[in-house]
Amino acid sequence: MRTDSSPTTIFRKDYTPPAYLVDTVELGFDLAPARTIVANRIVLRQNPASASHDIVLHGEEIELVQVRLNGKLLDAADYELTASSLTIRNAPAEVVLEIETICAPVENTSLSGLYVSNGNFFTQCEAEGFRRITFFPDRPDVMAKYTVMLRADKAAYPVLLSNGNLVEEGDLGDGRHYAKWEDPFKKPSYLFALVAAKLVCQEETFKLADGRDVLLQVWVEEGNLDKTDYAMQSLKNSIRWDEERFNLELDLDRFMIVAVGDFNMGAMENKGLNIFNTKFVLANPRTATDIDYAGIEAVVGHEYFHNWTGNRVTCRDWFQLSLKEGLTVFRDQEFSADMIGTDSGRAVTRIDQVRTLRQAQFPEDAGPMSHPVRPDSFVEINNFYTVTVYEKGAEVVRMYQTLLGRDGFRKGMDLYFERHDGQAVECDDFRAAMADANGRDLRQFERWYSQAGTPVVTARTRYDAVKRNFDIILSQRGQADKLPFHIPVAVGLLDANGKDLPLHLENGTHAEGATTVVLELTEQEQIFRFRQVDERPTPSILRDFSAPVILEYDYTDDELLHLFSHDSDPVNRWEAGQRLAMERLLKLTKQVATGGVANLKLDSTFINAMRAVLTDEMLDPAFRELALILPSETIIAEQMDVVDPHAIHAARQFMRRTIGASLKAELLAQYHANQTPGEYSPDALSAGKRALKNLCLSYLMVAPELAELKLAQQQFENASNMTDRSAALVAMIHSGAEAGPYLKAFYDDFDNEALVIDKWFAMQAAAPTTNVAAVRKLMQHPAFTLKTPNRARALIFNFTSANPSQFHAADGSAYEFWAEFVIKLDAINPQVAARLARGMDRWRRYVPALQAKMKLALEKVAAQKLSNDVAEVITKALAN
Ligand code: B3K
Ligand code: ZN
C-alpha cells in the first residue's frame with residue numbers, strides 16, 4: 001500500500017484542532033500471526049472548535065475490508081483512501097463508524113503497531129503505531145474511552161491483556177478463548193496496548209495510601225520468573241514515592257508490566273499495561289549488573305510516573321513531547337536519587353546526569369539534528385525522541401525547581417493537575433502553572449523551549465580587598481541570533497582552607513548564613529556582588545550543575561586543585577577534577593597529533609590529586625570512582641575544533657597507563673578494600689564499592705603484568721555476580737591479553753540468557769582491540785541477528801558509538817560498514833536504522849582525510865530509497 005512520496009515536513013505552527021472528537025472506541029481482535037482481523041466501532045462527534053466536517057482517519061500497512069457510517073455500508077466512492085489515510089467528507093455531526101481491517105503482525109519487523117516477538121503478540125503505538133492497527137484519528141489530542149475484545153487460540157496464547165480492567169473472559173469452544181478489557185479513563189490512541197502470549201507472572205496485591213488494594217503483575221516468558229523481583233520492588237517503590245512526593249495515586253485497580261525481547265526502545269507507558277524491553281525488567285545477580293539494576297529502577301519508575309505526567313495529562317501534539325518526557329525523566333531522576341537517600345548518593349546520580357548530557361546532548365545540540373526542547377518541525381516524529389527532548393527537557397524542569405524551590409515546584413505541579421487533568425496540553429501550560437502557582441514571571445523562561453543550542457556562560461571575577469567585595473560577572477551567549485535565557489547559576493565561595501563562606505549577596509533574598517545562592521542570569525551580562533568577603537575566595541560556580549550550559553571560567557590549576565579537594569558541592573568537586581584532566585588531555589592530544597606518542601608526560605600534581613581522591617576513605621566509593629574516570633573520548637572530541645580520534649585515543653590511553661603505573665600500589669589496595677563479599681545486593685553503597693574496585697582493576701589492566709592478569713582471571717572465575725564477572729572480562733579484552741577462553745566460558749555459561757549474550761557482543765564491540773573485520777566476523781555468529789534491536793544495538797551500535805578509535809579506522813572501512821548496515825536495517829526497522837544513522841552526525845568536525853570518507857558513506861546511504869526516518873537524518877547531516 002505504500003506509495004512513493006517525498007518526505008513532508010510537519011510544522012508546529014500548522015496545528016489545527018481535530019474536526020471530530022471520539023467518545024468511545026470498541027475494538028475486536030481476531031488474532032492470528034499472518035492475518036489478524038480488527039473490527040473497530042468508533043463514536044464520533046463534530047468538534048465545536050473546528051469548522052471542518054471532514055473525518056480524517058490515519059491508516060498504514062492495513063487492508064480495508066469494509067466501513068459503515070451510521071449503519072450504512074459505504075462504497076469506494078463515499079471515501080478517499082490513500083496509503084496513509086481514509087477521509088470521509090461532509091460527514092454528519094454525530095457519527096458511528098464501523099471499520100474492519102486486516103493486518104499481518106508476523107510480517108511487521110518495524111516493531112511499530114501490532115507485531116509478533118518469539119511467537120507472542122505485542123503492540124507499540126507511540127508515536128504513530130495505532131494507525132498500523134486500525135483506521136483512527138491517530139493524534140494525541142483525540143482522547144477516548146476504550147473497550148477491547150481479544151480472541152485467540154487458547155493453547156498458543158493463554159494470556160490476553162489490554163488496558164484497564166478485565167471485565168469478562170471465557171472459551172469460544174473451538175480451541176480459542178476471549179478476554180474483554182475496559183479502560184475507565186479517556187486516553188489518546190498512542191497509549192493503547194494489547195498482549196496475547198504464553199507468559200507467566202509474578203503478582204501481588206499492594207495497599208495504596210488511601211487504603212485501596214491494587215493488583216500488581218510482572219509478566220515474563222516461562223523460565224524468567226527468577227528475574228522479576230527487582231522490577232516488582234521498583235514498581236512498589238515508585239507507587240509509594242509518587243504518593244509521598246507529589247500526592248499522586250495509582251488510579252487503576254490493576255497495573256501490569258510485560259517484558260518483550262524485541263522492542264525498539266526501553267519501555268512504553270501504555271495505560272495500566274506497560275510494555276518493557278526485557279533489558280529493563282529481568283535481573284538476578286547472576287545475569288544483571290549494578291547498572292542494569294539501576295536502569296530497571298529508573299525505567300520502571302519512569303513508565304509508572306507517566307501515568308500522571310503523560311497519560312492523565314497528555315500532549316496536544318508531538319511537538320509538545322517534552323511536556324511529558326522531560327517532566328517524567330526529571331521525576332525518575334528524583335525518584336532514583338531519593339531511593340539512595342544520602343546527599344552523596346544524590347550527587348552521584350547528578351554527576352551521571354551531567355555525564356550523559358555532555359556525552360550525548362551537547363553534541364546533539366551542536367550538530368545537524370539540533371532542535372529546541374519543543375521542536376518547531378519534523379519529518380519523522382520518531383527521530384525526536386532525543387536526548388534533547390528527554391534529558392535537556394528534564395534539565396529545564398529541574399530549573400523550575402531550582403528557581404522556585406521544592407515547595408514552589410510542588411505547588412506548580414498541583415496547579416498543573418488541577419487545571420489540566422484529562423486534557424491534552426502544551427509545554428506553555430506547564431510553565432504557566434509553575435508561574436501562576438508561585439506568582440512568578442516566567443515569560444523569559446520560555447526560551448528554554450524555543451531556542452536550540454547549549455548556552456555558554458562566561459564568568460569573570462574581581463576582588464576588592466579594601467571594600468571586601470567579591471564580584472562575579474556572568475555573561476551568556478547562545479547560538480547565532482538567540483535571545484538571552486533565564487539561567488539559574490548556583491554559586492558558593494571557598495576560603496583558603498576550603499571552607500564555604502557565609503554569603504552576603506547584594507540585593508539578595510537568600511537566608512542568613514547561606515553558603516550557596518542561586519544567581520538569576522537573565523541579561524546578556526550581569527554583575528553579582530558579594531559583600532563582607534575578607535579574603536579572595538575560590539568561586540564554585542554552577543553548583544549541582546544548576547543549568548544545562550557550558551561554563552567558561554579561567555580557573556588556575558591551584559584553584560581547581562583547591563576545589564577538587566574541598567568543594568562541599570560534590571558535583572563541582574568532581575567537575576574540578578574533570579577540568580584538570582581535560583586540560584591535560586587536550587595538551588597531550590595535540591602533542592600526539594604533531595609528534596607522536598614518544599615523550600608524553602603527565603605532571604605529578606595531577607597524579608597526586610588523583611591519588612588523594614582515590615585513597616580518601618571519607619569519600620563515597622561511588623564518588624571516588626566518578627572522580628577517577630577520565631572524560632570520554634567523545635567528550636574530549638567535543639572540545640576540539642578539528643577532531644583527530646586516534647590522537648585522542650592515544651592521549652587518553654597514555655594518561656590511563658600513567659595513572660595505572662604511578663598509583664599501582666594504591667589501586668591494588670583499594671581493589672582489595674572495596675570487595676563486597678557475601679550475598680549480592682544492588683544497593684548504592686555496594687554498587688559504588690564494586691564500581692570503584694572494578695575501575696581500579698581497569699587501570700591496573702591498561703598495561704598488565706602477570707600479577708594483574710591473574711587478578712582479573714581470578715575475579716572472573718570467582719565472581720558471585722554479573723557486575724564483577726563482566727568487569728573482569730571487559731578488563732581482559734581491553735588489555736589485549738588473550739581473552740578467548742574466558743569469552744568462550746562466558747558464552748557457554750549464558751547461552752540461553754539473551755540479555756547476557758547481548759553483553760557478550762557489546763563488550764567485544766566496544767573494545768579498542770576489536771576492529772571492523774572482527775565485528776563482521778562476530779556478525780557471522782549464529783546468535784547474531786539484525787532483527788532483534790537489542791542484539792543489533794549490542795554489536796553494531798556499540799562498535800560505531802563506543803569504539804571511536806576503530807570506527808574511525810584510517811581506511812574508512814568502518815564507515816562503509818556503517819553505511820551497509822544503515823541500509824540493511826532500514827529495510828527491517830526504520831526507527832532502529834535511523835538511530836544508527838545518527839552515528840555520523842558530527843562528521844564535519846573530523847580531520848579532512850576522515851571527513852571525506854565519512855561524506856562518501858553518507859552519500860552512499862543517501863543514494864538509496866530510504867524510510868522517512870533515515871532520510872531525515874541523512875539529509876540533515878549532509879545539508880549545509
Ligand atoms: N514514551 C515511550 C517512548 C516511545 C518512543 C516511540 N518511538 C517511552 C518513554 O519515554 O517512556
Ligand atoms: Zn517517557
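When a ligand or atom number is given, it counts from 1 through the structure's own listing order.
Per-residue contacts place M268 under 4.0 angstrom from the following atoms of ligand 1 (heavy atoms of the residue considered): 1 (N), 2 (C). Within the listing of ligand 1, atoms 1 (N), 2 (C), 8 (C), 9 (C), 11 (O) sit less than 4.0 angstrom from a heavy atom of E269. Taking a cut-off of under 4.0 Å to the non-hydrogen atoms of H306, the atoms of ligand 1 that pass are 9 (C), 10 (O), 11 (O). Close contacts of ligand 1 with K324, meaning ligand atoms under 4.0 Å from a residue heavy atom, involve 1 (N). Within ligand 1, counting atoms from 1 as listed, the ones closer than 4.0 Å to a heavy atom of E325 are 1 (N), 9 (C), 10 (O). Proximity to Q831 (heavy-atom distance under 4.0 Å) selects the following atoms of ligand 1: 7 (N). Annotation for ligand 1: atoms under 4.0 Å from non-hydrogen atoms of N382 are 6 (C), 7 (N).
Within the model, atoms CZ of F121 and OH of Y115 stand 12.5 Å from one another, a figure rounded to the nearest 0.5 Å. D317 CG to I10 CD1: the interatomic distance, rounded to the nearest 0.5 Å, is 10.5 Å.
Looking only at its N/O/S atoms, H306 has NE2 as the one nearest to the Zn ion (ligand 2). Distances from the Zn ion (ligand 2) to each N, O or S atom of E325 single out OE1 as the nearest.
Around the CD1 atom of I291, the shell of radius 6.0 Å holds no more than 12 heavy atoms that belong to other residues, nucleotides or ligands. K145 NZ: 12 or fewer foreign heavy atoms inside a 6.0 Å radius.
For atom 10 (O) of ligand 1, the nearest non-hydrogen atom of the protein is Y390 OH, 2.5 Å. Among protein heavy atoms, atom 1 (N) of ligand 1 sits closest to E126 OE1, 2.5 Å. Annotation: atom 8 (C) of ligand 1 to nearest protein heavy atom, A267 O, 2.9 Å.
The shortest N or O to N or O distance between Y385 and ligand 1 is not below 3.5 Å.
For the residue pair T328 / T309, a side-chain donor-acceptor distance below 3.5 Å is found, with atom types taken as modelled. Counting only N and O atoms by type, the side chains of S117 and N120 include no donor and acceptor under 3.5 Å apart. Judged by distance alone, the side chains of D229 and Q233 never bring a donor and an acceptor atom under 3.5 Å apart.
The existence of a salt bridge linking D262 and K787 is excluded, since no basic side-chain nitrogen approaches an acidic carboxylate oxygen closer than 4.0 Å.
For F378 and F319, the ring centers are positioned less than 6.0 Å apart.
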